[in-house]
A.B. asks: 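Here it is: the structure, laid out below.
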Amino acid sequence: MNNSKGNAGRFVAVIVVCLVLALAAIAIKKHITSPAAVARPPVPALAVTPPIAAGHDDLFEDVTAKAGIHFVHQFCDSKIANILESNGAGGCWLDYDGDGLMDLFLVNSGPLDGVTHHTPGTARQPNRLYRNRGDGTFEDVTEKAGLSGMGYCTSAVAADYDNDGHTDLYVVGVGRSYLYHNRGDGTFEDVTEKAGVANLGGTGLGAVFFDADNDGKLDLFVANYLTFDPNYQLYYNPDAYPGPLSYKPQFNKLYHNRGDGTFEDVSKSSGVEIPGHRAMSVAVFDYNNDGAPDLYLSNDGTPNLLLVNDGKGHFQDVAPQAGVAFNAMGEAAGSMAATIGDCNGDGQADILVTRLGYGSLYMGTTNGLFDDRMMASGLGSLTAQFVGWGGCFLDFDNSGKLDIFIANGDPHYLVGWESLLLENRGDGTFADAAKKGGAYFTTKIRARGSAVADFDNDGRMDIVVTTMGDRPFLLHNRDKSGNHWLTLDLVGTKSNRDGFGAKVKVTAGGKTYFAEARCAFGFLMQSDRRLHFGLGKATTADRIEIQWPSKQVQELSNVKADQILKVTEPGERK
């Protein structure tokens with residue numbers, strides 16, 4: 001009996017010691033992982049990629065340094081420690097000074113308590129506005145413009161929301177976003193509070209300006225992601241971090257433009273507050289050709305949404321019926337973003353979705369259904385080994401066929417991957433054009449956002465790519481095919497001034513090309529708002545038809561190719 005009592009006593013003592021040690025370990029862990037508990041060593045700066053020398057025949061040349069763009073994305077960590085850090089940051093192309101040249105705005109992330117593991121006292125590096133000089137170089141005008149910014153920013157979109165002739169800027173961020181009104185003198189004013197579009201508490205990753213109710217004033221949609229909890233640890237991959245479904249989803253926001261400089265939050269009444277989704281991006285287009293702009297939401301870990309507009313600014317999801325909710329494997333994989341264009345020349349909008357997992361190439365049909373041709377087009381095998389972030393349609397050789405650029409990056413590790421240049425064969429399939437693209441496409445970078453623009457107005461579409469903790473890449477298009485082109489710069493009068501929602505049909509060389517003016521937002525970035533058409537060997541556009549959002553139809557004939565043509569909607573603004 002005494003021996004039994006002794007064993008029992010020793011057993012109890014062992015249990016007590018184990019409990020004490022376990023509690024101590026928990027306390028120590030909490031102390032160590034608390035952002036303010038201990039001073040952290042300085043976070044080492046990541047290597048910045050040197051200029052990439054282009055070969056003689058390379059289609060694209062890295063001209064970033066030559067152009068005077070010296071931005072470096074501020075990544076305040078030694079690894080990708082969580083799902084918010086993994087997204088990176090982007091920016092937008094815009095003509096802020098109205099000189100007909102596309103300027104470049106880049107946003108920064110910087111330190112954020114509870115998200116980044118930065119050294120205490122780390123100063124945030126500014127966003128940057130680069131003014132296009134028109135000679136292939138850019139001037140940093142950030143301070144003068146008043147756009148250094150603040151907060152943990154992710155993306156940006158630009159449009160003339162008050163129809164005063166000057167392009168304004170909306171910068172999307174985590175916890176808060178910012179609306180900058182363009183004064184027209186090279187400076188911007190922060191009007192976020194007055195306008196009521198701060199998106200307070202939202203983890204914004206993207207946005208679009210569009211005229212939801214066709215009243216001639218641009219409304220604002222903000223794509224919100226998830227509510228990040230730095231203390232969540234119930235996951236089973238020691239080399240990664242918790243996925244999107246580990247965190248609470250956030251509602252997206254729709255702000256209606258009142259026309260007096262202020263916006264009304266109509267998210268709930270408009271039907272865009274759909275629970276259970278975590279939006280990575282938003283794209284706008286008129287899905288059913290009824291004259292009302294619709295929205296396509298790329299979600300992370302849940303089905304994508306196609307919000308159809310009734311013409312009065314009320315929305316309903318039809319993605320499952322239309323065939324664009326899942327990929328061809330039936331998966332609700334992590335969708336990064338969608339780029340939209342007519343890539344097979346049938347007059348119907350097609351949707352390319354980049355994903356973590358198999359992406360999708362949804363080909364539009366006349367009956368409102370989409371056919372996912374990712375595998376049949378060859379894109380499945382070409383993209384399968386990568387995680388695609390920023391994807392863009394562009395006609396890189398002005399052949400009249402939309403090609404594809406995809407910025408790839410590892411979602412979990414700070415390692416580089418190659419970007420993809422995929423050439424449209426014209427028969428519904430695509431081919432790897434990396435060799436034609438040149439040295440950049442064999443360089444491994446930590447890419448995230450991408451956007452296209454003709455920054456030097458030479459009729460050849462250029463590309464900018466943003467990265468994680470590295471510099472951006474400005475890729476100048478040096479196509480020597482001799483093919484012709486036409487770019488339309490639309491100016492609305494009765495419609496919104498940017499002409500968003502206008503549908504354009506160009507007939508040239510016996511072919512007809514279709515495009516829709518839109519706030520061309522992809523993953524974290526907005527492309528050139530102007531409509532670019534590759535015309536192949538045609539030197540003249542026989543006919544151009546523009547259907548404005550106001551329902552006016554404008555026709556032009558015998559338009560000479562190889563020019564940027566500004567087209568103003570007939571009539572005067574009321």
Side-chain angles (χ1 to χ4, degrees), residues 206 208 210 221 223 244 252 271-272 274-311 314-384 388 391-393 402 404 406 422 424 427-430 503 514-516 518 520-523:
V208 288
F210 73 122
F221 183 95
N252 300 307
V272 305
I274 300 176
H277 296 284
R278 300 154 185 84
M280 297 281 284
S281 187
V282 55
V284 59
F285 73 115
D286 186 1
Y287 148 71
N288 53 4
N289 292 311
D290 65 352
D294 308 303
L295 298 168
Y296 185 73
L297 274 296
S298 297
N299 295 318
D300 195 0
T302 57
N304 291 349
L305 302 175
L306 177 56
L307 303 183
V308 173
N309 188 346
D310 68 356
H314 302 102
F315 296 83
Q316 183 178 2
D317 178 35
V318 300
Q321 302 93 305
V324 293
F326 306 91
N327 66 12
M329 315 296 288
E331 302 167 332
S335 297
M336 308 306 187
T339 182
I340 298 175
D342 178 14
C343 69
N344 61 350
D346 66 352
Q348 303 297 319
D350 308 309
I351 307 173
L352 172 69
V353 179
T354 48
R355 287 196 176 99
L356 196 162
Y358 280 108
S360 290
L361 178 62
Y362 299 114
M363 305 296 287
T365 64
T366 56
N367 61 6
L369 302 178
F370 287 84
D371 181 19
D372 191 343
R373 305 288 293 173
M374 194 69 178
M375 303 306 173
S377 67
L379 292 178
S381 59
L382 290 168
T383 64
C392 299
F393 280 127
L402 289 180
I404 293 171
I406 300 178
L422 307 170
N424 190 335
D427 61 356
T429 66
F430 291 81
K503 296 172 186 172
F514 303 87
E516 181 180 343
R518 61 172 64 90
F521 186 78
F523 183 68

A.B. asks: How are the rings of F370 and Y287 set to each other: parallel, tilted or perpendicular (split at 30° and 60°)?
C.D. replies: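 Answer is parallel, since the angle falls under 30°.
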
A.B. asks: Count the heavy atoms belonging to other residues, nucleotides or ligands that lie under 6.0 Å from CZ of F514, then report whether that count exceeds 12.
C.D. replies: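 Above 12, so yes.
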
A.B. asks: What distance separates F285 CZ from T339 OG1, expressed to the nearest 0.5 Å?
C.D. replies: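 These two atoms lie 11.5 Å from each other.
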
A.B. asks: Restricting to non-hydrogen atoms, name the atom on P303 and the atom on A332 that form the minimum distance, rounded to 0.1 Å.
C.D. replies: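 Minimum heavy-atom contact is N-CB, 3.5 Å.
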
A.B. asks: Tell me the closest heavy-atom pair linking A325 and P320, and the distance in Å.
C.D. replies: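 Minimum heavy-atom contact is CB-N, 3.9 Å.
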
A.B. asks: Can you check whether D294's main-chain N or O pairs, donor with acceptor, with N309's side chain at less than 3.5 Å?
C.D. replies: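 No: the side chain of N309 does not pair with the backbone of D294.
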
A.B. asks: When you compare the side chain of Y362 with that of I340, does any pair of heavy atoms fall below 4.5 Å?
C.D. replies: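 Contact flag for I340/Y362 side chains = no.
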
A.B. asks: For a quick test of reading the model, state the closest non-hydrogen atom pair linking A338 to V353 and the distance between them.
C.D. replies: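 Closest approach of A338 to V353: CB-CG2, 4.1 Å.
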
A.B. asks: Do you know the tightest heavy-atom contact between V282 and F521?
C.D. replies: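 Closest approach of V282 to F521: O-CD2, 3.6 Å.
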
A.B. asks: Please confirm whether the backbone N or O of G522 pairs with a side-chain atom of S281, one donor and one acceptor, at under 3.5 Å?
C.D. replies: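 Yes, because the side chain of S281 sits within donor-acceptor range (under 3.5 Å) of the backbone of G522.
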
A.B. asks: For F523, enumerate each residue passing the ring pair (Phe, Tyr, Trp, His ring centres under 6.0 Å) test, keeping only those at least two apart in sequence or located in another chain.
C.D. replies: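 In terms of ring pair (Phe, Tyr, Trp, His ring centres under 6.0 Å), with neighbours along the sequence ignored, F523 is linked to W389.
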
A.B. asks: Distance check, rounded to the nearest 0.5 Å: T302 atom OG1 versus F326 atom CZ?
C.D. replies: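 It comes to 9.0 Å.
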
A.B. asks: Is there a donor-acceptor pair under 3.5 Å between the side chain of N424 and the backbone N or O of C343?
C.D. replies: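 Yes; at least one donor-acceptor contact below 3.5 Å.
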
A.B. asks: Suppose the criterion is side chain to side chain donor-acceptor pair (under 3.5 Å): which pairs have a residue in residues 316-328, not counting sequence neighbours?
C.D. replies: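 Sorted pair list: N327-E331.
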
A.B. asks: Which heavy atom in S360 sits nearest to a heavy atom in A328, and how many Å separate them?
C.D. replies: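 Where S360 meets A328 most closely, the heavy atoms are OG-N, 4.3 Å.
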
A.B. asks: Using only atom types and a distance under 3.5 Å, with no angle test, would you say the side chain of N304 pairs donor to acceptor with the backbone of S298?
C.D. replies: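 Not at all, since once roles are kept as given, no pair shorter than 3.5 Å links the two residues.
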
A.B. asks: Does the Y296 side chain pair with the main chain of V324, one donor and one acceptor, at a distance under 3.5 Å?
C.D. replies: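 Yes; judged by distance alone, with no hydrogens or angles, the pair exists.
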
A.B. asks: Taking atom CG of N252 and atom CG of N299, what is their separation to the nearest 0.5 Å?
C.D. replies: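 CG of N299 is found 7.5 Å from CG of N252.
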
A.B. asks: Taking only residues two or more places apart in sequence or in another chain, which ones pass side chain to side chain donor-acceptor pair (under 3.5 Å) with R278?
C.D. replies: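 Per chain and number, R278 pairs via side chain to side chain donor-acceptor pair (under 3.5 Å) with no residue.
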
A.B. asks: Can a donor-acceptor pair be found, under 3.5 Å and without considering hydrogens, that links the side chain of D300 to the backbone of M280?
C.D. replies: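 Side chain of D300 to backbone of M280: no pair is present.
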
A.B. asks: Is there a donor-acceptor contact under 3.5 Å from the side chain of R518 to the main chain of V284?
C.D. replies: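 Confirmed, R518 side chain pairs with V284 backbone.
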
A.B. asks: Rounded to the nearest 0.5 Å, what separation is found between the CG atom of L297 and the CD1 atom of I274?
C.D. replies: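 Taking CG in L297 and CD1 in I274, the distance rounds to 7.5 Å.
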
A.B. asks: Rounded to the nearest 0.5 Å, what separation is found between the CG atom of D346 and the CG atom of D342?
C.D. replies: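 So the gap between those two atoms works out to 5.0 Å.
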
A.B. asks: Looking at side-chain heavy atoms only, is the closest gap between Q348 and T366 below 4.5 Å?
C.D. replies: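 In contact.
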
A.B. asks: To the nearest 0.5 Å, what is the distance between OH (Y358) and CG (D372)?
C.D. replies: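 Those atoms lie 12.0 Å apart.
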
A.B. asks: Is there side-chain contact between M374 and T383, with at least one heavy-atom pair below 4.5 Å?
C.D. replies: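 Sidechains of T383 and M374: in contact.
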
A.B. asks: Would you please test D350 and L402 for side chain to side chain contact (heavy atoms under 4.5 Å, CB included) and show each step?
C.D. replies: CA-CA 11 Å; D350 308 309; L402 289 180; over 6 Å; no

